[in-house]
Amino acid sequence: MRLSMISARSLHRILGLIVGIQLIIWTLTGLAFNLIDDQLLDANTMRAKPGKEQQNSVRLLQPTVTLAEITNQLTNKNAERLSLKRVELDVLLERPIYRLRTSAGTLAFWGDTGEAVNLNNEQLIRLARQSYLGEVRLSSPIVDKEAAQRYGGNPAFYRFDTQDEHGTQIFIDGQSGQVKAHENQGSRFKQLLFMLHFIDYFPNNDVTFNHLVTQLIAFAALLLGLSGTWVLVRKLTAGDYFNWQRNRNNKGERQLTILSPDGEPLESLTLAPGNLLDNLNHDRIRIPSQCGGGGQCGMCRVRFLEQAPQATVEEQARLKQEHLAQGIRLSCQHNCHQGKIALTSRAQLRFWQKAQSDAEQAVSPAQASS
């Protein structure tokens, strides 16, 4: 049962670290979304919106090639049958185009020639400049396969890097003639915040919030609650918080005598229900501990002079067999004990003497004032 207690406690610590870190990240990113101005995170700060002239051009420019000719051409070029979902008549670089949304992606055809759209460098640069609000210096078009996967574009997918103060990047699909997106420093930071907030550490898992990492964090939170409940129940039944049998076996006061490593009496304490380390340090720190009573640091060891309790798994892992045979135990691992215990080292004795001296100095001014 002690082994299961250690396993549950260790599991609880690990799960608490994992869930706690993600909770802190979730809180900080949520605060960032609320406190940061939306305009600072806007990807379209320098993106030009389509004007009325372009909208009117769609009505004025009439294609000379019919839609039936385009679909026949598309069917002849593709052995597999494509499912046509939507057709748009649009204007691209002052020329009419058919933009077809199919099961294989979005394609475009010139409405005046019927040829498939495949923008060259000059056309790509013109389109990038039209999408930017103002004058800017552009890099040469760069093929970006990762961005094509991210935005669902065709293989001929290009990125332009600008030299403006926002670090803007322009993404264009050369086969559909679409400006897919603008990105800048603010929008990339926003994407990072979204990734951390929604635990989307693997962005290529499709657009869904119910992905594997979210499920793992949720399962870890469930285990955190269950392991914490198990540890609490075990501590309650062990009497670490309440001594359920204190009125059955011992009706009078229970006294504990503390001795030095040499066996000299140092102090006598009246025991209270609960943990032995808590009894020793109930009014002041007599024996230090760094792990908060978790049995990990080994600093709270004492030597039982009368009927040493059975060693726990934590003690067997951290104390030598010869020390266990001498009655040395970790005081945080046992309930209150009537009888005599001794400190195990000179360092503990010096710590106790200093604590005693500090307590006497604190009492002396109070007596003088009274």
Side-chain angles (χ1 to χ4, degrees), residues 1-17 227-246 249-250 254-353 355:
M1 191 61 70
R2 270 291 178 181
L3 183 59
S4 63
M5 183 70 170
I6 294 179
S7 301
R9 188 182 297 165
S10 301
L11 177 65
H12 189 70
R13 289 196 184 102
I14 296 172
L15 293 174
L17 179 64
S227 60
T229 302
W230 173 251
V231 171
L232 176 61
V233 170
R234 291 299 304 152
K235 282 184 168 291
L236 285 173
T237 56
D240 286 350
Y241 302 124
F242 303 100
N243 190 352
W244 306 103
Q245 299 180 349
R246 64 180 181 273
N249 302 326
N250 300 285
R254 305 172 65 186
Q255 295 293 322
L256 177 68
T257 302
I258 304 175
L259 306 179
S260 71
D262 297 328
E264 299 178 358
L266 298 176
E267 189 177 3
S268 292
L269 300 176
T270 299
L271 299 180
N275 184 266
L276 177 57
L277 180 61
D278 294 337
N279 273 276
L280 295 173
N281 296 337
H282 75 280
D283 58 345
R284 66 174 183 272
I285 304 299
R286 294 177 174 84
I287 296 182
S289 174
Q290 289 185 344
C291 65
Q296 304 296 316
C297 67
M299 294 179 61
C300 64
R301 61 185 64 185
V302 295
R303 183 162 59 91
F304 287 83
L305 302 179
E306 301 172 353
Q307 297 179 348
Q310 184 177 359
T312 65
V313 178
E314 289 97 334
E315 292 169 330
Q316 293 175 2
R318 286 164 179 79
L319 300 178
K320 297 180 180 180
Q321 287 297 324
E322 58 184 270
H323 292 163
L324 293 174
Q326 295 171 6
I328 294 177
R329 301 289 188 269
L330 300 178
S331 58
C332 67
Q333 295 298 298
H334 300 282
N335 291 332
C336 53
H337 183 87
Q338 181 170 318
K340 297 179 180 180
I341 62 171
L343 304 180
T344 60
S345 66
R346 295 294 175 184
Q348 279 187 332
L349 178 60
R350 288 193 296 269
F351 188 92
W352 182 90
Q353 290 172 340

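These figures come from a predicted structure and were not determined experimentally.
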Inset, instruction - Evaluate the side-chain proximity of W352 to L266: yes if any heavy-atom separation is below 4.5 Å, no if none is. - result: yes

Inset, instruction - Give the minimum heavy-atom separation between R346 and P261, together with the two atoms involved. - result: N-CG, 4.5 Å

Legend entry - L330 to G298 - nearest heavy-atom pair and separation: CD2-CA, 3.7 Å

Inset, instruction - Consider only side-chain N and O atoms of Q348 and T344, and report whether a donor and an acceptor are under 3.5 Å apart. - result: yes

Inset, instruction - Using a 4.5 Å cut-off on heavy atoms from C-beta on, say whether the side chain of V302 contacts that of I328. - result: no

Inset, instruction - Answer with yes or no whether the side chains of R318 and Q296 bring together a donor and an acceptor at under 3.5 Å. - result: yes

Legend entry - Atom pair CG (L343) and CZ (R350), whose distance is rounded to the nearest 0.5 Å: 12.0 Å

Legend entry - For R301, the option from R329, Q333, H323 that meets side-chain contact (heavy atoms from CB on, under 4.5 Å): H323

Legend entry - Closest heavy-atom pair and its distance - S227, H12: OG-ND1, 2.9 Å

Inset, instruction - State whether a side-chain donor-acceptor pair under 3.5 Å links H334 with Q310. - result: no

Legend entry - Reported CD1-to-CG distance for the pair I287 and L280, which is rounded to 0.5 angstrom: 4.5 Å

Legend entry - Nearest atoms (heavy-atom pairs only) where L276 meets F304: CD2-CZ, 3.5 Å

Inset, instruction - Please determine if E264 and K340 form a salt bridge, counting it only when a charged side-chain N lies under 4.0 Å from a carboxylate O. - result: no

Legend entry - Residue pair R286 / I258, side-chain heavy-atom distance below 4.5 Å: yes

Legend entry - N275 side-chain N/O to C332 backbone N/O, donor-acceptor pair under 3.5 Å: yes

Legend entry - Check: Q255 and L269 side chains under 4.5 Å, non-hydrogen atoms: no

Legend entry - Taking every non-hydrogen atom, the tightest pair across S331 and C300: OG-O, 2.9 Å

Legend entry - Atom pair CD/OG of E267 and S260 - distance to nearest 0.5 Å: 13.0 Å

Inset, instruction - Can you see which heavy atom on L259 is nearest to which on P265, and at what distance? - result: CD2-CA, 3.4 Å

